[in-house]
Amino acid sequence: MFNIVIFGPPGAGKGTQSFRIATRYQLKHISTGEILREEIRKGSNLGVSAAQYMERGELVPDEMLIEILRRLIEENRYINGFVFDGYPRTLIQAEVLDEVMVKEGICINLVLSLEVNEEELVARLSKRAEDQFRSDDRPEVIHQRLITYHKQTAPLLDYFKKQGKLVSVMGIGSIDDISEKLYNEIDTAYP
Ligand code: AMP
């Protein structure tokens, strides 16, 4: 198995690039944001409680995410690997991911961090608000999501760096060019 984390702030292009990587390398794409939005659409208990946090631009509590993650890893034992998109977002989530993976005899092999400046992130998220309706792409929520990222998620860069798994890639330019850079890093790490 080859497991990748696509890391970056909201608007960095994690979803787009994760989808492309998953297709190219036949990996399972796990977007925790998508999973939560699906729960909201279904009107499940999980969806109802997650929505309150998501609409405010805050993180959904770790326990809820950890539960989803454990189930997904256990249910997908016989695949080529995972592309994690939007998980982990806190140190606890990262530690649990490592712990669950070790139990399964696997690990995160590579963390690709998409680097995009703040101005570009805000522009992209505001544009997305016009193109596809996402209730958390409103200006005040965008601002809060970026604050949440800096406070709770960005510190994970250090965690991955210490593990020697972190590779940063400039996330600005054409979608194809960024994908090429990511593919190169994957091919280097996993020839
Ligand atoms: P995303 O689609 O990845 O931008 O996620 C949308 C929202 O879902 C985030 O702003 C969070 O409120 C919530 N969310 C997604 N993934 C996680 C996670 N790993 N931990 C906590 N909250 C999450």
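Ligands are counted one by one from 1 in listed order, and the atoms in each one are counted from 1 as well.
With a 6.0 Å cutoff to the six-membered ring centre and a 45° limit on the axis angle, R56 counts as a cation-pi contact of Y53.
Residue contacts with ligand 1 leave out E34, since none of its heavy atoms falls under 4.0 Å from the ligand.
Among I68, D85, V83, I35, the single residue meeting the side chain to side chain contact (heavy atoms under 4.5 Å, CB included) criterion with I30 is I35.
Q93 NE2, 2.9 Å is the protein heavy atom nearest to atom 20 (N) of ligand 1. Of the protein's non-hydrogen atoms, L36 CD1, 3.6 Å is the one closest to atom 14 (N) of ligand 1. For atom 12 (O) of ligand 1, the nearest non-hydrogen atom of the protein is E58 O, 2.6 Å. At the shortest separation from atom 10 (O) of ligand 1 among protein heavy atoms lies R145 NE, 4.1 Å. With respect to atom 22 (N) of ligand 1, the closest heavy atom belonging to the protein is V60 N, 3.1 Å. Of the protein's heavy atoms, M54 CE, 3.4 Å lies nearest to atom 8 (O) of ligand 1. Protein heavy atom at the shortest distance from atom 3 (O) of ligand 1 is R89 NH1, 3.0 Å.
Between the K181 side chain and the M170 main chain, a donor and an acceptor come within less than 3.5 Å of each other. Proximity of a side-chain donor or acceptor of N3 to a complementary backbone N or O of N109 within less than 3.5 Å is not detected.
Interface of D136 with ligand 1, defined as ligand atoms under 4.0 Å from a residue heavy atom, comprises 6 (C). Heavy-atom contacts of T32 reach the following atoms of ligand 1: 15 (C), 16 (N), 17 (C), 19 (N) (cutoff under 4.0 Å). For ligand 1 and R37, the ligand atoms under 4.0 Å from any heavy atom of the residue are 2 (O), 6 (C).
Of the heavy atoms in D85, none comes closer than 4.0 Å to ligand 1.
For the 3.5 Å distance criterion, the side chains of D187 and Y25 qualify, holding a donor opposite an acceptor. Using a 3.5 Å distance cut-off with no hydrogens or angles, the side chains of S126 and E130 do not pair a donor with an acceptor. A donor-acceptor pair shorter than 3.5 Å can be found between the side chains of S44 and E39.
At a threshold of 4.0 Å, the pair K42-E38 does not count as salt-bridged, since none of the basic side-chain nitrogens sits closer than that to a carboxylate oxygen.
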